[in-house]
Amino acid sequence: MVFGNITQLFTPNRYGANTQPPLPYIPTGSSPDVGTSSPASIAFGNGGSKNGGLRHSASLQDFSSYHAFDPEEARETDSSAKQWGQNEASFSKDKGGLPPSVPKPSTSRRKWIRAVMIVTCLFLFASLVYILGMYVYTNWSRGASRYYVVFDCGSTGTRAYVYQASINYKKDSSLPIVMKSLTEGISRKSSGRAYDRMETEPGFDKLVNNRTGLKKAIKPLIQWAERQIPKHAHRTTSLFVYATAGVRRLRASDSSWLLGNVWEWVKIISGTEEAYFGWTALNYQTSMLGAVPKKATFGALDLGGSSLQVTFENEERAHNETNLDLRIGSVNHHLSAYSLAGYGLNDAFERSVVQLLKRMPNVNNSELKHPCLNSGYEGQYVCSQCGSTVKRGKKGKSGVPIKLIGAPNWGECSALAKIAPCALPDGYPRPHGQFYAVSGFFVVYRFFNLSAEASLDDVLEKGREFCEKAWQVARTSVSPQPFIEQYCFRAPYIVSLLREGLYITDKQIIIGSGTGKALSSTLGLKGYETLSMKINPVALISVLFVSLILLLCALSRVGNCMPRFFRKSCLPLFKHNSASASSVLNIPSPFRLRWSHMGTGVKPPLSPIARSSPRRPFSFGSSIQLMESCSLYSSSSSVMHSYSSDSLGEMQVDNSGSFWSSRSQMRLQSRRSQSREDLSSSLAESHMLKM
Ligand SMILES: Nc1nc2c(ncn2[C@@H]2O[C@H](COP(=O)(O)OP(=O)(O)OP(=O)(O)O)[C@@H](O)[C@H]2O)c(=O)[nH]1
Ligand SMILES: [Ca+2]
């Protein structure tokens with residue numbers, strides 16, 4: 001219907017191409033002054049009377065029966081009208097010419113407006129079709145999905161990740177699977193937390209022989225994961241529990257207790273597996289994997305609490321212990337992948353404590369001054385690597401309790417940070433190429449509020465400033481978060497680790513959270529996450545449809561050239577409203593749509609491998625939420641315009657024909673196509689007349 005009307009715009013008028021647009025509406029009981037002629041000879045469509053008289057009751061509903069002025073009919077009625085008397089006027093003889101007082105809208109302007117309207121309609125129609133298609137595709141593909149749950153049991157905590165795997169239909173990718181991270185219900189943690197993820201603390205390695213603690217660590221994660229997955233898919237969902245460095249470094253008896261008490265699925269993955277999972281996850285997130293033609297992948301530097309994973313593409317095959325060849329999609333990758341135990345942030349700090357203890361052999365283990373702790377700091381520290389025989393603390397806690405005292409000295413602290421295991425083991429391939437530095441690197445940059453552009457020297461500068469503060473000041477200078485006291489050490493540590501340990505320069509690294517998004521200015525990061533929100537596609541479609549109708553109404557008031565079909569749909573909106581102009585003009589019609597790409601915002605784990613499938617890693621995707629930012633208002637002046645035309649009709653229709661002096665009515669009628677300002681002044685005039 002809509003498009004029928006639009007094509008009507010292009011079909012020649014039934015009176016021939018050159019006849020003019022329809023005459024303005026002149027209702028019953030009025031004797032408008034058409035020049036000196038009377039309207040008597042104006043013929044109306046089926047609702048009109050053939051005896052030359054105007055219809056006795058015209059209402060806005062009948063507006064639709066109104067049709068273009070027909071000169072042939074006019075001639076007929078004209079001749080019959082002559083029998084009534086001479087004062088009946090008749091239109092000028094020219095066929096179909098508009099009464100002289102009605103200005104002819106410029107045809108080029110009308111053509112432009114029609115073209116704009118058609119393009120707008122086609123665009124909105126195409127958008128509707130696309131959104132509907134996406135909605136159907138998303139729901140359809142959801143039906144063919146498998147779900148996987150991965151527990152990343154790190155040394156500082158256990159995190160749960162839920163993935164929805166579906167077949168990859170994208171033409172430009174050779175990856176067989178698309179993975180989407182499901183993150184519903186993850187409440188944004190305090191600003192001190194670097195990642196919004198489902199996590200319980202402490203890590204498994206602190207829960208050996210502690211069944212209650214282990215249950216507390218796992219149960220909330222299982223319950224959250226169940227809520228992410230549709231009930232029908234629970235029985236086909238696979239759960240993988242991967243423990244990393246924290247558990248790797250445990251004694252065999254302790255790690256087997258954990259394996260026996262958690263799940264038969266629990267698996268302690270090797271450092272190489274942890275490295276390669278992280279690399280795969282990162283390069284999927286950054287769309288480097290499966291691309292055809294092959295894209296250069298990023299190296300991954302994943303700094304944990306206990307270990308550091310280094311993974312990068314390396315055509316040199318020298319060190320076979322760290323070589324890893326894999327095929328993802330249709331692309332082969334030759335990797336060097338290794339994990340350096342004890343290089344993690346927490347373990348490195350612990351090594352600094354061990355180193356200090358070694359320097360002061362006769363100091364009693366109860367107190368130790370540390371040059372990387374702020375002045376005024378005192379705190380209990382459990383050192384698991386300190387004693388030759390590790391003493392059992394309370395509740396199975398292992399380690400030697402030591403009281404650490406802040407004795408800040410930046411030079412000594414920097415030197416100490418260099419000694420913590422920094423150098424690469426012999427024979428290990430030196431990293432080369434571009435790297436994403438994630439996890440611990442990201443957390444340190446974020447702690448010091450550094451942007452991705454910051455250099456390693458900026459990190460040292462921030463670290464020195466932080467170390468010089470008294471503990472009471474330093475502690476409150478950042479939002480509450482774990483390990484605040486260790487960041488004076490962490491700053492020089494990550495710089496030494498990258499420069500002297502891995503021989504990596506500033507230009508080679510991009511600091512990222514690991515979700516594939518580089519660290520941008522924190523504001524941008526926050527703004528980005530808050531913008532992404534879900535919208536119900538049905539709501540979106542109905543909003544789009546309503547905005548289409550209102551847009552056409554607005555255009556119709558502007559162009560006055562809309563097909564009758566649309567005018568009619570606008571008129572009734574105001575037809576019965578005899579209230580004051582203000583209540584009609586305040587019809588609210590703001591529409592807000594937002595456009596944003598929803599990143600997972602959640603640190604992906606070391607990507608899982610499907611146990612049943614060949615050892616091929618899954619990869620991760622993120623979902624695009626369709627929301628566009630525009631605000632669409634029907635302009636009050638256009639409502640003003642349609643209201644006044646309605647009021648014209650209404651005042652005329654409610655038997656106030658006598659009220660209108662014929663001249664003013666025709667003038668107002670004829671001015672319908674003039675500017676709205678004129679019209680509103682005419683409206684004001686007419687009100688005054690009424691008074
Ligand atoms: N301030 C702060 N530190 C964090 C946060 N998340 C992690 N960290 C620290 O960053 C370091 C690395 O954290 P993770 O990557 O989670 O370490 P992990 O996976 O538990 O350790 P591994 O078992 O070695 O992989 C740890 O020392 C944490 O203390 C956070 O949200 N805020
Ligand atoms: Ca980790």
Side-chain angles (χ1 to χ4, degrees), residues 150-161 186-207 217 241-250 255 258 268-279 281-282 300-311 338-351 420-421 436-450 466 474-475 477-491 493-494 497 511-515 519 522 525 601-607:
V150 177
F151 283 5
D152 166 17
C153 310
S155 59
T156 49
T158 305
R159 304 95 198 193
Y161 299 91
I186 294 183
S187 58
R188 190 167 178 72
K189 296 247 169 99
S190 69
S191 56
R193 305 305 298 180
Y195 300 99
D196 289 334
R197 58 191 182 188
M198 273 313 287
E199 178 172 25
T200 56
E201 289 171 353
F204 274 11
D205 56 315
K206 316 285 189 303
L207 300 170
V241 181
Y242 288 151
T244 58
V247 176
R248 273 199 300 267
R249 72 181 173 202
L250 288 177
S255 50
L258 283 172
I268 300 175
I269 55 175
S270 69
T272 307
E273 283 177 316
E274 182 181 1
Y276 133 77
F277 288 163
W279 177 87
L282 174 74
L301 297 173
D302 178 355
L303 181 60
S306 175
S307 63
L308 165 70
Q309 280 68 245
V310 181
T311 319
Y338 47 87
S339 177
L340 302 172
Y343 283 54
L345 289 173
N346 301 354
D347 282 17
F349 181 78
E350 174 138 326
R351 299 257 176 153
Y436 253 84
V438 299
S439 301
F441 295 111
F442 170 70
V443 163
V444 171
Y445 267 68
R446 189 175 174 280
F447 180 88
F448 291 116
N449 210 17
L450 288 167
F466 184 76
R475 188 166 58 85
S477 66
V478 293
S479 41
Q481 53 195 289
F483 305 102
I484 294 178
E485 74 285 356
Q486 292 191 18
Y487 281 85
C488 173
F489 168 81
R490 292 183 169 188
Y493 174 66
I494 66 166
L497 177 61
I511 302 296
S513 64
T515 58
L519 180 68
T522 37
L525 204 60
V602 176
K603 178 183 175 188
L606 311 166
S607 62

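First listed ligand is number 1; within each ligand, the first listed atom is number 1. In this chain, residues are counted from 1 in sequence order.
Put simply, OG on S513 and CZ on F442 are 5.0 Å apart, with the number rounded to the nearest 0.5 Å. Atoms CZ and CZ, from R159 and F151 in turn, are 12.5 Å apart once rounded to the nearest 0.5 Å. With values rounded to the nearest 0.5 angstrom, Q481 atom CD is found 7.0 Å from R446 atom CZ. Between the CG atom of L301 and the CG atom of L282 there is a distance of 9.5 Å, given to the nearest 0.5 Å.
Of the N and O atoms on the side chains of S307 and Q309, at least one donor lies less than 3.5 Å from an acceptor on the other residue.
For ligand 1, the atoms sitting less than 4.0 Å from at least one non-hydrogen atom of Y487 are 1 (N), 2 (C), 3 (N), numbered in the order shown with element in parentheses. Heavy-atom contacts of R490 reach the following atoms of ligand 1: 9 (C), 27 (O), 29 (O) (cutoff under 4.0 Å). Residue E274 approaches ligand 1 through these ligand atoms, each under 4.0 Å from one of its heavy atoms: 25 (O). Below 4.0 Å from some heavy atom of A245 lie the following atoms of ligand 1, by number and element: 23 (O), 24 (O). Close contacts of ligand 1 with T244, meaning ligand atoms under 4.0 Å from a residue heavy atom, involve 22 (P), 23 (O), 25 (O). The contact set between ligand 1 and L303, taken as ligand atoms under 4.0 Å from a residue heavy atom, comprises 12 (C), 15 (O). Remark: ligand 1 atoms within the under-4.0 Å shell around heavy atoms of S439 are 15 (O). The contact set between ligand 1 and Q481, taken as ligand atoms under 4.0 Å from a residue heavy atom, comprises 1 (N), 2 (C).
Residue Q309 does not touch ligand 1, judged by heavy-atom distances below 4.0 Å. By the criterion of a heavy-atom distance under 4.0 Å, neither the backbone nor the side chain of R446 is placed next to ligand 1.
Y242 and V150 get closest at one heavy-atom pair: CD1-CG1, 4.2 Å. In terms of heavy-atom proximity, A217 sits nearest to L207 at CB-CD1, 3.8 Å.
Which of S306, A243, G157 comes nearest to atom 24 (O) of ligand 1 through a heavy atom is settled by distance: it is S306. Residue nearest to atom 29 (O) of ligand 1, selected from Y195, F483, F447: F483 (by heavy-atom distance). Remark: among candidates I484, V444, V443, the nearest residue to atom 5 (C) of ligand 1 is V443, based on non-hydrogen atoms. Nearest-residue assignment for atom 19 (O) of ligand 1 (options R197, R159, E199; heavy-atom criterion): R159.
Using a 4.0 Å cutoff on heavy atoms, S307 counts as a contact of ligand 1. For the pair G344 and ligand 1, no heavy-atom separation below 4.0 Å is found.
At least one N or O atom of G305 sits closer than 3.5 Å to an N or O atom of ligand 1. Residue contacts with ligand 1: S155 is placed with a nitrogen or oxygen under 3.5 Å of a nitrogen or oxygen of the ligand (distance criterion only).
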Start with the C-alpha distance between S155 and D205, add both sets of side-chain angles, then the distance that settles side chain to side chain donor-acceptor pair (under 3.5 Å), and finish with yes or no. CA-CA 7 Å; S155 59; D205 56 315; 5.7 Å; no
Between Y493 and R490, does the side chain to side chain donor-acceptor pair (under 3.5 Å) criterion hold? Intermediate values first, please. CA-CA 5 Å; Y493 174 66; R490 292 183 169 188; over 6 Å; no
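Salt-bridge check for E274 with R248: passed, with a basic side-chain N closer than 4.0 Å to an acidic carboxylate O.
Checking side-chain atoms of T311 against main-chain N and O of G278 turns up no donor-acceptor pair under 3.5 Å.
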